Amino acid sequence: GAVFATGQNTFGLYGVDFENGKNVTNLVDIASSSPVVVDMCHFVNISTTPRAAQFSTCANVVFTRNRMTGFAAGRIVIFDEQCQKVMCYNNDLGDGERTGRYIMNRSQV
């Protein structure tokens with residue numbers, strides 16, 4: 001993918017355009033990190049990438065005001081069961097459609 005991070009303390013991405021012409025599973029893959037902020041980024045699928053971002057075992061995650069373009073409806077962003085304290089809002093599919101139903105948040109409160 002474009003970004004893979006694991007075991008990070010205070011990790012953030014702000015205003016980044018993610019474009020990848022290679023066939024990868026996730027443009028952004030973040031694991032075992034806290035806190036994590038991804039804000040005002042643009043995820044562009046120009047190949048067959050099925051997912052914009054995946055978060056595994058992360059805590060205190062803020063995923064806001066991001067735009068996803070070119071992704072098929074489905075699980076565009078995933079927060080797994082081991083994530084804790086996830087805030088995810090004001091994200092869209094690039095055409096103005098809100099992605100609430102395309103973000104799978106299985107995290108613990």
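These numbers were taken from a predicted model, which means no experiment stands behind them.
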- Message: Could you report the tightest heavy-atom contact between Ser34 and Asn60, atom names first, then the distance?
- Response: OG-ND2, 3.3 Å

- Note on the structure: Minimal heavy-atom distance between Ser33 and Ala5, with the atoms involved, is OG-O, 4.4 Å

- Would a hydrophobic clustering, with Ile, Leu, Val, Met, Phe, Trp and Tyr connected at side-chain separations under 4.5 Å, put Val77 with Val3? yes

- Query: Are Leu27 and Val37 connected, step by step, through hydrophobic side chains (Ile, Leu, Val, Met, Phe, Trp, Tyr) whose heavy atoms are closer than 4.5 Å?
  - Reply: no

- Task: Indicate the atoms forming the closest heavy-atom contact of Arg51 with Phe71, along with that distance.
- Result: C-CE2, 3.6 Å

- Task: Evaluate the side-chain proximity of Thr64 to Cys88: yes if any heavy-atom separation is below 4.5 Å, no if none is.
- Result: no

- For the student: nearest non-hydrogen atoms of Ser56 and Gln54, plus distance: OG-NE2, 3.6 Å

- So how far is it from Asp92 CG to Thr69 OG1, rounded to the nearest 0.5 Å? 7.5 Å

- Task: Could you label the plane-to-plane angle of the Phe63 and Phe79 rings as parallel, tilted or perpendicular, counting under 30° as parallel and over 60° as perpendicular?
- Result: perpendicular

- If every non-hydrogen atom of Asn66 is compared with every non-hydrogen atom of Cys41, which pair is closest and at what distance? OD1-N, 2.8 Å

- Under the side chain to side chain contact (heavy atoms under 4.5 Å, CB included) rule, what do Phe18 and Leu13 come out as? Steps first, then yes or no, please. CA-CA 11 Å; Phe18 294 102; Leu13 299 167; 3.7 Å; yes

- Item | Non-hydrogen side-chain atoms of Asn26 and Phe4 separated by less than 4.5 Å | no

- Note on the structure: Result for side-chain contact (heavy atoms from CB on, under 4.5 Å) between Phe43 and one of Ile76, Val16, Val38 points to Val38

- Where is the tightest heavy-atom contact between Thr57 and Cys83, given as atom of each residue plus distance? N-SG, 3.8 Å

- Are the side chain of Asn90 and the backbone N or O of Arg65 linked by a donor-acceptor pair below 3.5 Å? no

- Message: Nearest 0.5 Å, please: how far is CG in Asp80 from CZ in Phe55?
- Response: 11.0 Å

- Can Met68 and Asn91 be said to form a side chain to side chain contact (heavy atoms under 4.5 Å, CB included), step by step? CA-CA 8 Å; Met68 282 65 75; Asn91 300 293; 4.0 Å; yes

